[in-house]
Amino acid sequence: MLLPNGVLSAVVVFGGTASTPAFASPAAAEAWMGSEQYAQLKAMLLSLSYK
């Protein structure tokens, strides 16, 4: 997200460690992106503001 004074980024870690994949495959990740949980997480992240 571009901000007037730079760029804002967010990282979400789904349990485990950074070296352990959260999803078994890219297809599993894409399937999750169709879920209500994904929609809620995306809405929450997009609602963040910087003032």
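In this text, all values refer to a predicted model and were calculated from it rather than measured experimentally.
Looking at residues two or more places apart in sequence or on another chain, you find no side-chain contact (heavy atoms from CB on, under 4.5 Å) involving E30. Listed by chain and residue number, nothing satisfies the side-chain contact (heavy atoms from CB on, under 4.5 Å) test with A31 (two or more places apart in sequence, or in another chain). The side-chain contact (heavy atoms from CB on, under 4.5 Å) test applied to S47 returns no partner, not counting sequence neighbours. Applying the ring-ring contact (aromatic ring centres under 6.0 Å, His included) test to Y38 and every residue at least two apart in sequence or in another chain returns W32.
Rounded to the nearest 0.5 Å, atoms CE (M33) and CG (L41) are 10.5 Å apart.
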